Amino acid sequence: MAVVDPTLPPPPWAPTPSPARPQTPPVDPDAPIITRRRRRPGEPIIAVGGRHERSVTTDADLVAPSSIDRGAFDHVRSGQSYMRTFAILALPRLLKPGALFPIMQMPGVQTALVNNPLPRTIAKERLTHLAHQMGVSLNQGGDDVADEALALKDLRRVLAAITEEQSALHLAGIYLTIAGADLRELNERTRQLRAACTDAQIQIVAVDAQHWEGLLTTVPLGHDLLRYLFETDTPTMARLMPSASAGLQSGQGVPILYGVRAEGSGAGQVGGAPVLLDRFALPSPHQATIAATGGGKTYQQSFALLQRFAHGNCDICVLDPKDQEYRQLLEEVMGGTYLVLSDRADVQLNPLTLPWGDASVVERLNRIQVDLRSRRASLVKQLVASESLARGMPLSGAAEAQLEEAILACYDQRGITSDPATFHRDVPDLRTVATYLADHDSEAALCSALELFTQGSLGRLLHGDNPLPLAIPPSSLRDDVGVLGVDLSAFVQGQDQTLQRVLPALIADYFMTVAMRGTNRKMELIIDEAWAVLNTAAGAQTIEMLARIGRSLGVAVTVITQQIREFLYRRVGDQLVPNAAGTTFLDNCETVLLLRQLRPARAGANDDENPIAQAAKKLSLTPGEVNWLSRCRRDVEGVTGLLIVGREPIPLRIPRAPAPIHALIPGATQSSARQTEEESDASPARPA
């Protein structure tokens, strides 16, 4: 073998080594405008048809491309990109917020919206001219033709809004430029774009022979060389913005401001469009709020209640088991009634009470088609059986049947039948039932178990001459709003576990009885710290019943708890068993608000112990939504969360309420004091 001396020059026929080339930056295969060039050795391949690759086009390439080919009438080639422009000719009459957002997210699409606001005088002239073109006058009656009648109605509405300076008229142009690496890809993306516009009922047209002008209109220069303009008003322009809330029923009845869309992330996060929601306009008005302690759930709920009170014509009921947290808000701010249930309470709660009233109440009860006598008997049976099981003395099936029969027999003795017209008669109590069982030689274990509900602290709360009224007391500040809060903190946070299990379920059932009786007004029922209700069979079934008939009663139930697990499971002894009733309520919730959870999701975490993993599985959250929920927090500017309305997840930022309202929200003053002590700079108070 010949040895080559490395000091000698290479022979003339030896190949010349190529110089090292710099590494190319990462490329985006879905870049709106793309170019083509041949792959260099060692560079990553992103193939189009197996021969070429894509690279990102800069703004300079768009303004001054390397080459332009305008020979074809149905597209234009700029550099190595094939492009085609469409103009929007007409929008649907009922435009949903964020209607253009799915189209703007399609690969290869560039969007330009050109807005030309018109002065009021010119706007009125154009509207009058449009009416004359239709052969009608803005001052005369509508036409018999449906399309012309609707158009005339819209013209009058827009003219009235412009006259009252609530809106303006705009000449708008919306252009869509779509790009492909070759004609095959351009045609495929064009087909997808046309299909998306057809689904959204948006009429578009290709600007043939003007595609170069269309490109110049949609590139960063933004000059409108096409002039495909149409008239629209300010609300429609707002719905065309990508940050508009999509799919929410706002502005109908009682819209509540939940917050704003959270756009961006980290330090660059900003607030987007307001999120307004009328829960009573949804298929189901119920809501589940799930957040860890300090996650901001009380702050958000209090702000929503203040808005509900300001709108009026609604009853507000709160089951408050947390140190009278809502008392100041309900009693002082809203002028409502706040009842504190304790051993010294001067009111009693009879679990056998039935809703009664005039003919309208009877008709209402007949319409919901629920056997309320059997419902009361089942509730008491579950409470007595659960407490017997908790004390290690379970009742037999025969004893449970005897208890139900005794309750129905006591109703019959008072002349109370299944007909709601008889519910006005004097109802029995549990002491009457105990006497009936003793007179009919019932099982001794049953009589012993019932003593827990007829004697002692619980017996004094369930029997007396001053039962809770079946009506929501009106506010002292306005007659069209009833406000009632019931405090259970003395029992829920005490040492008596029987009271902890029994009373929350009975109070929830009392609120349902009040709702059945009705006041011809909507009602919002808030059950805070709902673990005390969901953890018992009777309480969970009461929540389930509210979910099933709440809409027909005009009741929106808000259940607030710390983990989604409390809806899915309940504890029986030392075991967790599936909570079918709690799961049913969650399934019937059209609105779910998730705030900061107990801990973020981590790789390898056990789903049975991870609240976020459980929420993701039950609510079918995407990885991006799980990541957002893991980063939800409370800071000096407010609270972040995830609002799910129907099937639409909305990243939500709940900003701090304006100062006068912030001062009315429970915990705001204490939170402000804590923050002053903890932080050296004067910053806004954190939500409680």
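Model, not experiment: these values are computed from the prediction. Computation of the quantities below employed the complete heavy-atom set of this structure, encompassing side-chain atoms and omitting hydrogens, waters and symmetry-equivalent molecules.
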ask   = Quick one: CZ on Arg431 to OG1 on Thr454, what's the gap to the nearest 0.5 Å?
value = 6.5 Å
query = Can you find a side-chain donor-acceptor pair between Gln614 and Gln563 that sits under 3.5 Å?
reply = no
Side chain to side chain donor-acceptor pair (under 3.5 Å) partners of residues 577-591, not counting sequence neighbours, each pair once = Asp587-Lys618
task = Just jot down the side-chain contact (heavy atoms from CB on, under 4.5 Å) partners of Leu470, sequence neighbours excluded, or say none.
result = Thr353, Trp356, Tyr510, Thr513, Val514, Arg517
request  = Starting from the C-alpha separation in whole Å, work towards a yes-or-no answer on side chain to side chain donor-acceptor pair (under 3.5 Å) for Tyr338 and Asp320.
outcome  = CA-CA 10 Å; Tyr338 194 87; Asp320 183 9; 2.8 Å; yes
ask   = What side chain to side chain donor-acceptor pair (under 3.5 Å) pairs are there with at least one residue in residues 438-447, not counting sequence neighbours?
value = Ser396-Glu443
task = Could I get the full list of side-chain hydrogen bond (donor to acceptor under 3.5 Å, both in side chains) partners for Tyr411, not counting sequence neighbours?
result = none
ask   = When you look at CD of Glu363, are more than 12 heavy atoms from neighbouring residues, nucleotides or ligands closer to it than 6.0 Å?
value = no
message = Per the salt bridge (Lys or Arg N to Asp or Glu O under 4.0 Å) rule, what does the pair list look like for residues 499-508, sequence neighbours excluded?
response = Glu387-Arg501
query = Relative to each other, are the rings of Phe567 and Phe585 parallel, tilted or perpendicular (30° and 60° limits)?
reply = parallel
With sequence neighbours excluded, residues passing salt bridge (charged side-chain N to carboxylate O under 4.0 Å, His left out) with Arg375 = Asp509
ask   = Is the distance between the ring centroids of His662 and Tyr299 under 6.0 Å?
value = yes
note = Across all chains, not counting sequence neighbours, the salt bridge (charged side-chain N to carboxylate O under 4.0 Å, His left out) partners of Lys522 are none
message = As an exercise, state the distance from CE of Met334 to CG of Leu477, rounded to the nearest 0.5 Å.
response = 10.0 Å
Value rounded to 0.5 Å, distance of CG in Asn520 from OG in Ser360 = 6.0 Å
query = Of Leu621, Leu593, Val592, Ile290, which meets side-chain contact (heavy atoms from CB on, under 4.5 Å) against Leu642?
reply = Leu621
query = What pairs with Glu529 under salt bridge (charged side-chain N to carboxylate O under 4.0 Å, His left out), at least two apart in sequence or on another chain?
reply = Lys322
key: Listed partners of Arg414 passing side-chain contact (heavy atoms from CB on, under 4.5 Å), at least two apart   = Ile416, Asp426, Pro428, Thr432
ask   = Taking everything shown except Asp358 itself, do over 12 heavy atoms lie less than 6.0 Å from its CG?
value = yes
task = Please name all residues satisfying side-chain contact (heavy atoms from CB on, under 4.5 Å) with Ser418, sequence neighbours left out, ordered by chain then number.
result = Asp371, Arg373
task = Using side-chain contact (heavy atoms from CB on, under 4.5 Å) as the criterion, list what pairs up with Thr417, not counting sequence neighbours.
result = Asp419, Thr422
message = Let me confirm one number: the OG-CG distance from Ser448 to Leu450, rounded to the nearest 0.5 Å.
response = 9.5 Å
request  = Could you walk me through whether Thr289 and Gln287 pass the side chain to side chain donor-acceptor pair (under 3.5 Å) test, one step at a time?
outcome  = CA-CA 6 Å; Thr289 301; Gln287 173 176 313; 2.9 Å; yes
query = Got a sec, which residues hit salt bridge (charged side-chain N to carboxylate O under 4.0 Å, His left out) with Arg391, two or more places apart in sequence or on another chain?
reply = none
ask   = Counting distance only, does the side-chain N/O of Thr640 pair as donor-acceptor with the main-chain N or O of Arg633 below 3.5 Å?
value = yes
message = Donor-acceptor check, side chain of Asp429 to backbone of Leu352, threshold 3.5 angstrom: yes or no?
response = no
Donor-acceptor under 3.5 Å (His286 side chain, Ala556 main chain) = no
